[in-house]
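Structure, as structure tokens:
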Amino acid sequence: MSYAKVLCVGLVGVTGHLVEVEADLAAGLPAVVISGLPDTALHEARDRVRAAVVNSGQRWPNRRITLNLLPADLPKFGSAFDLAIAVALLGGSGELPLLPLERVAVLGELGLDGTVRPVRGVLPMVAAAARAGVERVIVPADNAAEAAVVPGVRVRAVDTLHRLVSFVRDGTPLIEPEAGGPAPAGDGPDLAEVAGQGLGRRALEVAAAGGHHLALLGPPGAGKTMLAERLPSILPELDDEAALEVTALHSIAGLLPPGGRLLRRPPFQAPHHTATVPSLVGGGSGLARPGAISLAHRGVLFLDEAPEFSRGALEALRQPLENGRVRLARSRGGAEYPARTQLVLAANPCPCAKPAGDAYCECPPQARRRYLSRLSGPLLDRIDVQVKLPPVRAAELMEATVDSESSATVARRVAAAREAAAARWAVLGRRLNAEIPGPYLRRPPWRLPGPDTAELRARLDSGSLSARGFDRIIRLAWTIADLDGRDRPDREDVREAIQLRTGDGT
């Protein structure tokens, strides 16, 4: 037999596609030709595969070898095709009967000594194989626990090419993945550790309950970073669907912790202010990798010292914040990643950032205006909650843990508010108040009475508030009502929402 075919999976962004690896061996000068839009790493597979086959004790066929990866118009990236190529070659040369690999997806990178090395993105690859009707997959041993979390797929693992050859030829059992235990709970930062800052705590709770973006402005030591780092501790754990999405993104980025468990805690990303546009929204040569905003999907993206980020990096966040997705265009094909995250910005009021605030500030008024103007109006218009934190007083600092609520207490209120919102918006297929399109909130049955929104409409007519800001304040009012256990917002809820949005009256 001079032809063989083995199934594999390729990734474009976070989406997997079933790929057929074909091998044809013909008479002629010995050579290996790979077709099907391979990248550089895949072109180099011929050298890795040849060394791995020979060093595994198998005979290399000295014939003209043509390898084709179907569909041919789909770009192929990475080294996950190595193992499938090696098996297809041995099957085409007559060395292996490939019947045991019928409708089995084979994934893995080969070392020159025949070892099977782990690859990135195994979880979305296995999930794509399952959607295509493949019920059995063979993965590297170090990826077995990760692959096993995908339901409806039988996963087996190999550590060497020789083990896989023995399985196909003699029926030698493969490695079964170990059962993954529950993820460790971990002791993260707690809200009880935050001194004072009643306004900041309230803003954090409202942001968590409604999925709203948050901006914290104030002098150094006011607790901006402490509050932001504790936002994930009051968010609910991820459900199965969200956990699979988040774990798949971290798998592609190669950031999964050992053990291969689903990530249940909302992720937290805090890039340095020198971060570039590709590091924030995604990019890189070949297959565009997810950036910080996608790695924070279903979690929190925290930009500390936000005015110090480059303007281009900040402006690049506007479209993903609006659509919840990042679309990266490349000459060899684009990639799309989910990016439904909560953005938290923290900023000092001026460049000198004196701890005591305005009383000792050395910056002229124009310097203060210039510093905060680095956060553009269109970007801030997308931030639902914008609060100015006062300096912490000595009494608050000394009695920080006496009456402060813990994260667990606040998390229960947040969970109850989210459940109320999810029940209300189920007819729209939405779960969070921040996700509701403005037109739905401005018409029956969700439109609020005229007297309750009079102040809000006056601000819109005067030009001090944009239409986008109008809708975001209404969403905030619904979240405040949910936290207080009421089925509809009233005038006081709208007033508090205005204060949280604009800082007026705080």
Side-chain angles (χ1 to χ4, degrees), residues 188-189 191 193-197 199-201 203-204 207-208 212-233 266-283 291-296 299-318 320-321 339 341-392 500-501 503 506:
L191 263 180
E193 301 162 353
V194 178
Q197 293 302 359
L199 173 62
R201 294 171 65 95
L204 199 72
H212 305 286
H213 304 309
L214 173 65
L216 300 171
L217 309 176
K224 304 184 294 296
T225 301
M226 288 189 70
L227 286 168
E229 289 176 344
R230 283 150 183 79
L231 178 54
S233 70
F268 181 82
Q269 292 287 315
H272 192 261
H273 64 260
T274 57
T276 61
V277 173
S279 69
L280 282 180
V281 301
I293 192 170
S294 293
L295 295 176
V300 178
L301 175 63
F302 175 46
L303 303 185
D304 200 6
E305 305 295 343
E308 301 294 339
F309 283 78
S310 70
R311 190 175 186 88
L314 292 174
E315 296 304 302
L317 298 176
R318 286 164 50 182
L321 290 177
T341 182
Q342 280 187 258
L343 177 65
V344 179
L345 303 179
N348 294 315
C350 63
C352 79
K354 291 292 185 180
D358 293 345
Y360 297 95
C361 178
E362 300 174 352
C363 302
Q366 60 268 29
R368 295 166 63 93
R369 287 195 299 269
R370 190 183 309 115
Y371 184 73
L372 288 179
S373 68
R374 296 179 184 178
L375 303 177
S376 69
L379 177 63
L380 287 176
D381 205 28
R382 289 166 167 81
I383 309 299
D384 301 12
V385 182
Q386 304 176 27
V387 294
K388 299 177 182 178
L389 302 181
V392 178
L500 289 175
R501 167 75 181 187
T506 59

Legend entry - Spacing of CD belonging to Q342 relative to CG belonging to L231, to within rounding of 0.5 Å: 5.0 Å

Legend entry - Heavy-atom donor-acceptor pair, R311 side chain to S376 backbone, under 3.5 Å: no

Legend entry - Which atom of F309 lies closest to which atom of D304, heavy atoms considered: CE1-O, 3.3 Å

Legend entry - Heavy-atom side-chain contact between L303 and H273 under 4.5 Å: no

Inset, instruction - Quick one: pull up CG in L345 and CD in Q386 and give me the separation to the nearest 0.5 Å. - result: 8.5 Å

Inset, instruction - Give, for atom CZ of F268 and atom OG1 of T341, the distance between the pair rounded to the nearest 0.5 Å. - result: 10.0 Å

Inset, instruction - Rounded to the nearest 0.5 Å, what's the gap from OG on S279 to NE2 on H272? Could you check? - result: 11.5 Å

Legend entry - R501 side chain to V387 backbone, donor-acceptor under 3.5 Å: no

Legend entry - Minimum heavy-atom distance between V385 and A203, given as atom pair plus value: CG1-CB, 3.8 Å

Inset, instruction - For the residue pair L199 and L500, establish whether any side-chain heavy-atom pair is separated by less than 4.5 Å. - result: yes

Legend entry - Closest heavy-atom pair and its distance - L389, A222: CB-CB, 4.2 Å

Inset, instruction - May I ask you to decide if P391's main-chain N or O and Q197's side chain share a donor-acceptor pair within less than 3.5 Å? - result: no

Inset, instruction - Kindly indicate, with the supporting measurements, whether the criterion side-chain contact (heavy atoms from CB on, under 4.5 Å) is fulfilled by L280 and I293. - result: CA-CA 6 Å; L280 282 180; I293 192 170; 5.9 Å; no

Legend entry - Closest contact, heavy atoms only, P266 versus P232: O-CB, 4.1 Å

Inset, instruction - Working to the nearest 0.5 Å, report the span between CZ of R382 and CZ of R318. - result: 5.0 Å

Legend entry - Closest approach of L375 to A347 (non-hydrogen atoms, all atoms of both residues): CD1-CB, 4.5 Å

Legend entry - Check: S294 side chain, A339 main-chain N or O, donor-acceptor pair, under 3.5 Å: no

Legend entry - Interatomic distance, L204 atom CG to L214 atom CG [nearest 0.5 angstrom]: 6.5 Å

